[in-house]
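Reviewing the structure listed below.
Because the structure is predicted, anything quoted here is derived from the model rather than measured. Quick note on labels: first sequence line is chain A, next is B, and so on, each numbered from 1. The basis for the numbers below is simple: all heavy atoms, side chains too, and nothing from hydrogens, waters or symmetry mates.
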There are 2 protein chains.
Amino acid sequence: MKNTPKQPARTWGPGLHPARDETPKTLAGRVAQQLRQDIIRHRLEPGERLQFEKLSKLYEVGTSPLREALFQVAAQGLVVAEDHKGFIVAPIQFDEMLDVSNLRANLESYAIRGAIRDGREEWEVDLLAAFHRLKRAGIAVAADQDDEDRRTEWEDRHREFHYALCKGCGSPWLLHFFDELYDHMERYRRYFWKYAERAVAADSEHEAIMKAALDRDEERAATLLQAHFQKQAKLTMSLRKKVERATAEVS
Amino acid sequence: MKNTPKQPARTWGPGLHPARDETPKTLAGRVAQQLRQDIIRHRLEPGERLQFEKLSKLYEVGTSPLREALFQVAAQGLVVAEDHKGFIVAPIQFDEMLDVSNLRANLESYAIRGAIRDGREEWEVDLLAAFHRLKRAGIAVAADQDDEDRRTEWEDRHREFHYALCKGCGSPWLLHFFDELYDHMERYRRYFWKYAERAVAADSEHEAIMKAALDRDEERAATLLQAHFQKQAKLTMSLRKKVERATAEVS
DNA sequence: ACTGTCAAGATTTTCGAAAATCGAATTCTG
DNA sequence: CAGAATTCGATTTTCGAAAATCTTGACAGT
């Protein structure tokens, strides 16, 4: 028996995904993560120019890893690259936000249907746990609306809850797209924090969706999820006007 | 009136997309395109290790642009990166192919519905033109099944046809995902060319879909599109077995 | 006053060598 | 002899400087 398989002996990497949780061992990777965070959290302003000299000092790395990091984040759309002109933080565009929201609605509906059909017990358990954590975080936020850390905590739990909903579908590509889209959505949500007086908890909606999912009721779950997104979209649209007035004053 | 808008004066890049057609002005970008092509067209084998020295000679560039190119393509999933271990060409995984196919079915259905609702006359015209070109390319392929160039031509037209279907939906993000997924799908399709005796033209299906779209019949168009994908999936599943037998013999 | 050309300055992109990391073979230890 | 620690060669990653490109502003011509 000859040992010459066409595929390499060890099935190297995963199919995809840098695996969200594990920290990169390389400088470029670490900088990429920091960049993502700094953009989503608005430490870097939308449309801001990202010059190598500045970033090099800020993150304390040379140009090579910095450049690689920028390309990684650019592939995700959080920064925009133009040849020989440099990089900028992706500008805020409300139309894009709507686009992202709509796509998420479609994608997550599709995912939840798949999960309800194929999801195993592990999926159910994880989902339940994720909701529990989301609920607790929601209570904490309600207690003090202005606590940045609590909102961040809630934001993380919120992501994990939606992720848990989708996870059972067993589609790596879908989960990959989920990650990309969610980052953008979070950026927009945080952008609104500055203008919205109160956080919209909507935990009851989340609970209803979860219950439908655990009941294995495809139609109900998908419908509720769609409604969830639609409501959110309407809310942000109304905020949009407020923001546009506010920014109009500035200029 | 003070000139200090928060957003930069010129609305720099587009929201997204390196714009498929235009050739990059930078070495890194060019190499990235070549890499994509070489992977999709199987000039580089699935699972093959991509060492800097080799690629550096092959593409005649230094390590910096090469590295950047690899990251760009890795973000797309055509190569897999692992820290301090290097890059490999993404392995062929039939499960992934199914995943990609299913997601495409969902995404393109969603897109075509949007296009039928919102698509303007320009969309209709482009779609018609795309189909015409696809048809001609199909005839050329039928005349000589083994002509590599004709199959490539058909493949390009096929992509453009499906793209034209989706384009009217006006969702940049969806079109972005379309691009990513299609590249992978094409790679798998080309992989099968080695094992399939005859190309499956299925132009009649394409025509039916187009007509439904031009009739602005959402349901019919979406249903036909879904069926189109389902049929394709079944076909490839049967080929899969054949391929697995063939590769089993090799090892 | 308007337009186009050209040089200077600033910035990005690329190269080539140095540093860091990994995997495997080798040596040391119990 | 088994298992842990170590050294070595190969490869990736990073740095710093050189080359290429773009932008700005001055200047000349119409």
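- Checked against ring pair (Phe, Tyr, Trp, His ring centres under 6.0 Å), Y163(A) has the following partners two or more places apart in sequence or in another chain: F178(A).
- The shortest distance between the side-chain N/O atoms of T26(B) and the OP1/OP2 oxygens of dT14(C) is below 4.0 Å.
- Comparing P65(A) and H84(A) by the nucleotide of DNA chain D whose heavy atom lies nearest to each, the residue mapping closer to the 5' end is P65(A).
- For the pair D83(A) CG and dT23(D) C1', the interatomic distance rounds to 16 Å; values are reported in whole Å.
- Taking E180(B) as the reference, nothing meets the salt bridge (Lys or Arg N to Asp or Glu O under 4.0 Å) condition, with sequence neighbours excluded.
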With the criterion being N/O to N/O and under 3.5 Å, what pairs connect the protein with nucleotides 9-11 of chain D, and how long is each?
| residue | atom | partner | partner atom | Å |
| --- | --- | --- | --- | --- |
| dT11(D) | OP1 | Q51(B) | OE1 | 3.3 |

Determine all donor-acceptor pairs shorter than 3.5 Å in which one atom belongs to a side chain in residues 118-129 of chain B; sequence neighbours excluded.
| residue | atom | partner | partner atom | Å |
| --- | --- | --- | --- | --- |
| W123(B) | NE1 | A164(B) | O | 2.8 |
| W123(B) | NE1 | L165(B) | O | 3.3 |
| E124(B) | OE2 | R216(B) | NE | 3.3 |
| E124(B) | OE2 | R216(B) | NH2 | 2.5 |

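- Look at CZ on R30(B): it is 12 Å from C1' on dT14(C), rounded to the nearest Å.
- Between K25(B) and S64(A), the residue anchored nearer the 5' end of DNA chain D, judged by the nucleotide with its closest heavy atom, is S64(A).
- In this structure, H162(A) and H158(A) have perpendicular ring planes: the angle between them is above 60°, well past the 30° mark.
- In this structure, the ring pair (Phe, Tyr, Trp, His ring centres under 6.0 Å) partners of H42(A), at least two apart in sequence or on a different chain, are Y191(A).
- E68(A) places its CD atom 10 Å from the C1' atom of dT12(D), with the value rounded to the nearest Å.
- Atom CD of E60(A) is separated from atom C1' of dT14(D) by 15 Å (rounded to the nearest Å).
- Residue pairs meeting the salt bridge (Lys or Arg N to Asp or Glu O under 4.0 Å) criterion with at least one partner in residues 24-38 of chain A, sequence neighbours excluded, are D38(A)-R43(A).
- In this structure, E82(B) atom CD and dT21(C) atom P are separated by 16 Å, rounded to whole Å.
- Residue Y59(A) contributes atom OH, which lies 18 Å from atom C1' of dT14(D) at whole-angstrom precision.
- Here the P atom of nucleotide dT12(C) and the CZ atom of F87(A) are 9 Å apart, to the nearest Å.
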